[in-house]
Amino acid sequence: MTPLAKRLPRELRRNIGKYLGIFLLMCGSTALTSGFLLAAHSIGCLIDDMRDAYAIEDGRVTTSFEATDDQLKAAEDAAGDVGGVTLYKNFSIDAIIKKVSGDDGTKRTLRTYAHRTKVDIASYCEGKEPKTDDEVAIDRVFATNNGLAVGDKVELEGRTYTICGIMTQPDSQALFLNNSDFTVNTITYGVAEVTDAGFAALEDAGGAPAYTYSFTFADRDLPTADRIDAEQDMVEALTDADARVDDLIDADSNQGIGYARDDVDGDSMMWMTLLDIIIVIMAFVFVVLTDATIEEESAIIGTLLASDYLRREIVLHYLALPAIVGVVAALLGTALGVVFFTEPMRSLYYGSYSLPPFQVYWSWEIFVKCAVVPAAALILITLVGLLRKMGKTPLQFLRHEASGKSGTKRGLQLPERMGFVSRFRLRIFLRNLGNFATLFVGIAFASLLLLFGLAILPTMTHYADNLETSLVAEHQYTLKAPLELEGTAEEREQWSALERLQSVDGALLSAAQDADDELDDAADAAQAAADAATSAPSAESLAAAQDALAKVQDKKDALYARLDDLADILG
């Protein structure tokens with residue numbers, strides 16, 4: 001073992017507190033970051049696979065009333081230019097859920113769907129899918145937050161159901177009651193599935209269905225611009241076919257589908273930024289620590305250089321401990337994060353988002369980001385600092401001039417008109433300018449870390465205050481079903497007659513109106529012919545009048561035929 005190598009254990013023991021603190025901080029930050037990034041990467045891969053595994057929709061359109069087959073066919077034909085589209089009935093009812101026993105009175109809403117097998121297929125974590133009309137499967141996050149489990153009984157719209165399964169729905173990964181909401185609601189809102197018969201029973205119990213149609217394009221890899229154009233064409237086709245469209249949501253704009261992935265990606269960037277900041281701070285600490293060691297052992301370094309030791313050997317000697325500490329901390333932290341912190345980090349998301357069962361997807365990119373890059377950055381920055389310090393001559397080291405405080409800088413002449421105290425303070429500042437710069441950078445990074453933790457709360461509070469003042473009314477209601485008007489018996493009969501008349505095909509009404517207009521025209525022509533025959537009687541005028549009367553009778557017969565058709569339809 002060389003004399004330089006023998007000094008490493010002594011130097012480590014002498015600075016054990018400094019190196020241990022740096023080791024623990026770097027190891028801990030790397031462990032937390034690697035655990036989070038692995039969990040986030042696995043969740044991201046899981047979400048990406050859900051599109052094909054669970055047939056996630058490309059978008060959805062909601063109408064005021066149930067669309068007819070002709071209206072849906074018109075929408076499908078409108079997307080023919082991009083390869084075609086398939087629409088699926090995806091009705092839902094926002095049902096009020098209560099526990100059969102022990103309910104605390106809080107209003108909770110369960111958006112209930114009929115069990116889906118073709119699009120937005122649910123993933124079951126516990127239990128099974130509903131088989132009878134009194135069974136319901138509910139969302140995992142909602143069930144956890146409300147203390148519900150398989151076998152419990154709940155009331156939906158006053159009707160008792162038994163929880164048969166705990167599941168997650170791919171179009172409700174994030175529980176948003178409305179797509180325009182700012183944040184998820186996992187306490188008082190959830191989703192559920194029942195059988196077709198159970199859904200019909202909910203509707204009979206007073207639940208108002210939302211007439212939603214999910215759709216998937218034949219080409220699942222359509223460019224965003226082409227997909228948006230096709231969706232707009234579908235809406236125009238529905239409108240032209242007399243369907244009233246209330247809402248259109250593309251999958252990329254659906255927060256229930258995309259919010260969780262966006263949140264994971266954003267948090268991953270934040271964690272990487274925090275790790276980079278900590279690594280830079282650690283590198284500065286190593287540089288300062290190494291600089292102090294070199295200044296303390298300046299005479300020894302000068303002696304070694306005068307004894308034919310190479311600068312490279314001395315640089316590697318002083319780089320060894322920071323490199324060993326950095327590499328071991330990065331590798332050990334990454335290993336600890338993968339083994340022990342992936343599960344806790346996963347729970348952070350699985351407590352807020354409804355995702356399928358978790359599985360780990362390994363990524364070498366995470367190993368590079370959390371182990372290789374931090375260790376390499378630490379070694380590189382420390383090496384640059386050492387090379388800057390080791391540029392002195394052996395004589396300068398022997399004279400303890402390695403700090404750069406010799407020569408003209410130490411003998412800086414200041415104006416005599418400045419007071420002694422001012423010149424003394426300025427000289428002290430200039431001699432320690434490097435230390436002050438390091439201190440400034442350290443405080444700046446520490447302040448940035450503090451802002452990460454403190455900035456979110458005022459932002460949320462400010463948004464909540466603005467949201468409260470921007471509401472147009474204390475209570476807002478959305479009409480989801482035809483309005484039932486109250487009135488006298490005669491008025492209700494008139495409204496019923498009007499509704500029946502509105503249900504008649506528009507072509508028949510138009511034909512009846514045209515027949516009535518033709519009858520009026522024929523009557524006017526007959527009146528004119530009769531007036532002409534009266535003023536100038538002749539065989540020709542009398543014949544014209546008779547022909548005009550015959551046309552009036554034909555038009556009257558045609559009108560009566562149209563009215564008979566309407567009478568048959570109206571019963």
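Heads up: numbering here begins at 1 and tracks the sequence. From a predicted model like this one, the values you see are computed outputs, not experimental measurements.
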*Asks:* What I'd like to find out is whether the side chain of Asp263 reaches to under 4.5 Å of the side chain of Tyr353, using heavy atoms alone.
*Replies:*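 Yes, at least one pair of side-chain atoms sits under 4.5 Å.
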*Asks:* Using modelled atom types only, decide if a donor and an acceptor are shared between the side chain of Thr342 and the backbone of Gly337 within a distance under 3.5 Å.
*Replies:*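 Flag set: sc Thr342 to bb Gly337 pair under 3.5 Å.
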*Asks:* Test your reading of the model: is there a side-chain donor-acceptor pair from Arg140 to the backbone of Tyr350, 3.5 Å cut-off?
*Replies:* yes
*Asks:* Decide if atom CZ of Phe436 counts as having more than 12 heavy atoms of other residues, nucleotides or ligands within a radius under 6.0 Å.
*Replies:* yes
*Asks:* Do other residues, nucleotides or ligands put more than 12 heavy atoms under 6.0 Å from Arg220 CZ?
*Replies:* yes
*Asks:* Quick check against the 3.5 Å criterion: does Asn146 have a side-chain atom that pairs as donor or acceptor with the backbone of Phe142?
*Replies:* yes
*Asks:* Begin from the C-alpha positions of Asp267 and Tyr349 and carry the test side chain to side chain donor-acceptor pair (under 3.5 Å) through to its verdict.
*Replies:* CA-CA 11 Å; Asp267 290 346; Tyr349 288 103; 2.6 Å; yes
*Asks:* Can you confirm whether Pro130 sits close enough to Val136 that some side-chain heavy atom of one is under 4.5 Å from a side-chain heavy atom of the other?
*Replies:*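 They are not in side-chain contact.
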*Asks:* To the closest 0.5 Å, what do you measure between CD1 (Ile138) and OG1 (Thr144)?
*Replies:*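 Result: 8.5 Å between the selected atoms.
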*Asks:* What heavy-atom pair brings Ile166 and Ala143 nearest, and what distance separates the two atoms?
*Replies:* CD1-CB, 3.9 Å
*Asks:* Testing Asp219, Asp250, Asp221 for side chain to side chain donor-acceptor pair (under 3.5 Å) with Arg227, which one passes?
*Replies:*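 With Arg227 as partner, Asp219, Asp250, Asp221 yield a single side chain to side chain donor-acceptor pair (under 3.5 Å), made by Asp250.
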*Asks:* Are His317 and Tyr309 close enough that some pair of their side-chain heavy atoms sits under 4.5 Å apart?
*Replies:*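 No, their side chains stay 4.5 Å or more apart.
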*Asks:* If you measure from OG1 on Thr382 to CG on Leu386, what distance do you get to the nearest 0.5 Å?
*Replies:*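 So the gap between those two atoms works out to 7.0 Å.
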*Asks:* Evaluate the side-chain proximity of Ser123 to Pro357: yes if any heavy-atom separation is below 4.5 Å, no if none is.
*Replies:*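 Yes, close enough: below the 4.5 Å cut-off.
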*Asks:* So, the side chain of Asp181 versus the backbone of Asn178: is there a donor-acceptor pair under 3.5 Å, distance only?
*Replies:*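 Such a contact is found between Asp181 side chain and Asn178 backbone.
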*Asks:* Below 4.5 Å, heavy atoms only, C-beta onward: do Thr168 and Met50 meet side chain to side chain?
*Replies:*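 Contact flag for Thr168/Met50 side chains = no.
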*Asks:* Donor-acceptor pair, Thr216 side chain versus Asp58 backbone, under 3.5 Å?
*Replies:* no
*Asks:* Heavy atoms, side chains only, cut-off 4.5 Å: are Pro374 and Met26 in contact?
*Replies:* yes
*Asks:* Does any N or O in the side chain of Tyr54 come within less than 3.5 Å of the main-chain N or O of Val119, such that one atom is a donor and the other an acceptor?
*Replies:* no
*Asks:* Take Tyr124 and Glu193 through the side chain to side chain donor-acceptor pair (under 3.5 Å) test and state the conclusion after the steps.
*Replies:* CA-CA 11 Å; Tyr124 279 78; Glu193 281 191 346; 3.1 Å; yes
*Asks:* A side-chain contact here means heavy atoms from C-beta on lying under 4.5 Å apart; do Gln255 and Asp262 qualify?
*Replies:*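 Side-chain contact under 4.5 Å: no.
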*Asks:* With a 4.5 Å limit on heavy-atom distance, are the side chains of Lys118 and Thr86 in contact?
*Replies:* no
